[in-house]
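Scroll down for the structure; my scribbles are underneath it.
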There are 2 protein chains.
Amino acid sequence: MEQSTEEKILLAAEEVFLREGYDGARMQQIADRAGINKALLHYYFRSKDKLFQTIFEQKFRTFFPKVEGLIRQDIPFLQKIYLFVDAYLKILSENPYVPHFIIHGIHKPEGKAFLKQIPPTLAAGFVGGYYAAQARGEVREVQPVQLLVSVMSMCVFPFLAKPIIREVTAMDEEAFQAFIQARAEEVKRYLERILLP
Amino acid sequence: MEQSTEEKILLAAEEVFLREGYDGARMQQIADRAGINKALLHYYFRSKDKLFQTIFEQKFRTFFPKVEGLIRQDIPFLQKIYLFVDAYLKILSENPYVPHFIIHGIHKPEGKAFLKQIPPTLAAGFVGGYYAAQARGEVREVQPVQLLVSVMSMCVFPFLAKPIIREVTAMDEEAFQAFIQARAEEVKRYLERILLP
DNA sequence: GAATGGTTTAACCAAATGGTTAATTTTTGA
DNA sequence: TCAAAAATTAACCATTTGGTTAAACCATTC
């Protein structure tokens with residue numbers, strides 16, 4: 001079952017970068033965690049920057065899931081949003097540190113370059129889908145971009161603010177999991193009230 | 001009129017820490033920006049940690065505004081939320097980098113200690129206010145903690161995701177300002193639909 | 001079994017970084 | 001006016017950090 005050295009490095013780098021961010025991460029720390037010599041890191045990935053970019057790109061895809069399949073389905077707009085909320089909260093639950101990692105990275109030069117890689121389908125598909133639904137009288141009038149940002153907000157923010165939420169509401173880890181679990185239904189209820197005529 | 005050296009340092013430290021975070025910030029950079037010698041930083045604030053904590057505490061108060069006045073007012077629950085959304089979006093507009101700074105800081109040991117300083121009035125007051133309103137038949141049934149997190153999400157997240165939002169929607173800086181400007185009304189409309197019977 | 005080429009390591013290096021020291025300049029107040 | 005105190009600086013220092021080098025290790029193959 002042995003992992004290749006490259007896999008061990010990527011796994012270790014993922015852990016460290018996600019926890020510490022680019023500046024906080026140490027090459028030595030990654031090497032230790034991978035159980036290898038520090039020089040070997042530079043043998044596989046030439047520099048800290050290169051290694052970071054590899055991880056960042058990988059996590060970027062988690063944060064901006066592909067939604068083409070969703071968009072193309074012939075179901076009501078609200079149903080599409082429901083499916084997105086369910087799927088996205090699930091993905092985030094399985095990758096709870098990704099939001100902080102991406103949001104932090106996006107504010108740094110190392111991450112800024114990746115912004116261009118965001119699949120345009122997400123925003124364009126959402127806005128297009130909204131207007132089509134609106135023409136059918138399926139949904140009330142809102143600003144679609146504001147709505148999209150709101151949906152993303154309600155899904156992503158809890159993971160960013162997790163330490164705050166846990167402190168303020170005195171949740172233990174288990175309670176927080178339950179909170180996230182319950183969130184999908186609650187958010188969908190909000191969206192129904194916001195959107196249905 | 002001239003600023004005191006201490007003021008110059010705090011201003012410079014604020015700029016650098018907000019932009020770079022704890023790990024990314026350099027004492028030399030702060031000294032340069034303040035137009036002083038690096039040793040003088042340590043003369044006024046013993047260590048990077050101490051200086052950071054001073055800034056963090058200050059920004060913390062911006063991120064968790066005092067809401068006692070709001071809570072005590074004898075107005076409908078929804079009106080209180082409206083006032084909060086208006087006031088909070090305004091504060092954040094004037095301090096657009098604070099959310100990222102706080103969220104990032106809160107994930108690091110240097111910032112974790114500050115979690116205890118969050119004014120309990122925010123959460124407790126919100127939940128209490130909700131149940132009182134609910135007993136009066138003023139609002140529909142929701143999970144108050146979920147609602148609080150949602151309100152915070154919709155206000156804060158746009159500032160965290162600003163680079164992403166701008167890229168995806170091709171907004172320039174001015175357009176983004178207008179987007180934030182319009183957001184208060186939009187969010188309040190959502191909350192009305194969510195809460196009013 | 002030696003040549004070969006990829007893999008791994010120990011030792012090293014230069015630059016950067018937070019922090020200190022000792023001396024100098026400026027301010028204060030008696 | 002002048003000495004004590006506060007503010008400021010240049011020069012250092014020890015440690016950390018990303019990165020390199022040269023040698024050793026190891027599997028393959030001819």
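We name chains A, B, ... by the order of the sequence lines, and we start the count at 1 in each one.
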Check your understanding: Can you tell me how far C1' of C:dG6 sits from CD of A:Glu6, to the nearest Å?
Key -> 14 Å
**Study point:** Whole-Å distance separating the CG atom of B:Asp32 from the C1' atom of C:dA16
**Key:** 14 Å
Could you give the side-chain donor-acceptor pairs of residues 166-176 of chain A under 3.5 Å, partners two or more places apart or in another chain?
unit_1, atom_1, unit_2, atom_2, d
A:Arg166, NE, A:Met171, O, 3.1
A:Arg166, NH1, A:Glu173, OE1, 2.9
A:Thr169, OG1, A:Ile165, O, 2.6
A:Asp172, OD1, A:Glu174, N, 3.2
A:Asp172, OD1, A:Ala175, N, 2.7
A:Glu173, OE1, A:Lys162, NZ, 3.2
A:Glu173, OE2, A:Lys162, NZ, 3.1
A:Glu173, OE2, A:Gln177, NE2, 2.6

**Study point:** Exceeds 12 heavy-atom contacts within 6.0 angstrom, atom CZ of B:Arg136
**Key:** yes
**Study point:** Whole angstrom value for the distance that separates P of D:dT8 from CZ of B:Phe45
**Key:** 12 Å
Hey, what are the protein-to-nucleotides 24-28 of chain D N/O distances that come in under 3.5 Å?
none

Exercise for review: Tell me what A:Tyr44 touches on the nucleic acid: a base, only sugar-phosphate, or nothing, going by heavy atoms under 4.0 Å.
Suggested key: sugar-phosphate
Report all side-chain donor-acceptor pairs from residues 96-103 of chain B shorter than 3.5 Å, counting only partners two or more places apart or in another chain.
unit_1, atom_1, unit_2, atom_2, d
B:His100, NE2, A:His104, ND1, 3.0

Review point. Is it true that A:Lys90 and A:Glu94 have a side-chain N and a carboxylate O under 4.0 angstrom from each other?
Key: yes
Study note, to complete from the structure: B:Leu40 CG to D:dT8 P, in whole Å, measures 5 Å
Review point. Which residues pass the side-chain hydrogen bond (donor to acceptor under 3.5 Å, both in side chains) test with A:Gln58, sequence neighbours left out?
Key: A:Glu14
Shorter than 3.5 Å, N or O on both sides, protein versus nucleotides 14-22 of chain D: list them out with atom names.
unit_1, atom_1, unit_2, atom_2, d
D:dT17, OP1, A:Arg26, NE, 2.7
D:dG18, OP1, A:Ala25, O, 3.3
D:dG18, OP1, A:Arg26, NH1, 3.2
D:dG18, OP1, A:Lys48, NZ, 3.1
D:dG18, OP2, A:Met27, N, 3.2
D:dG18, N7, A:Lys38, NZ, 3.2
D:dG19, OP2, A:His42, NE2, 3.2
D:dG19, OP2, A:Lys48, N, 2.7
D:dG19, N7, A:Lys38, NZ, 2.8
D:dG19, O6, A:Lys38, NZ, 2.6

Check your understanding: Tell me: CZ of B:Phe52 to P of C:dG19, nearest whole Å?
Key -> 14 Å
Check your understanding: Can you check whether B:Thr5 has a side-chain N or O nearer than 4.0 Å to OP1 or OP2 of D:dT8?
Key -> yes
Check your understanding: Okay, side chain of A:Tyr130, backbone of A:Val139: is any donor-acceptor separation there less than 3.5 Å?
Key -> no
Check your understanding: Do any side-chain nitrogens or oxygens of B:Tyr43 fall under 4.0 Å of OP1 or OP2 in D:dT9?
Key -> no
Point to revise | Ion pair A:Glu186/A:Arg189, N-O distance below 4.0 Å | key: yes
Review point. Can we say A:Lys188 and A:Glu192 salt-bridge, meaning some charged N sits less than 4.0 Å from an Asp/Glu carboxylate O?
Key: no
Check your understanding: Can you list every ring-ring contact (aromatic ring centres under 6.0 Å, His included) pair that touches residues 14-43 of chain A, not counting sequence neighbours?
Key -> A:Phe17-A:Phe52, A:Tyr22-A:Phe52
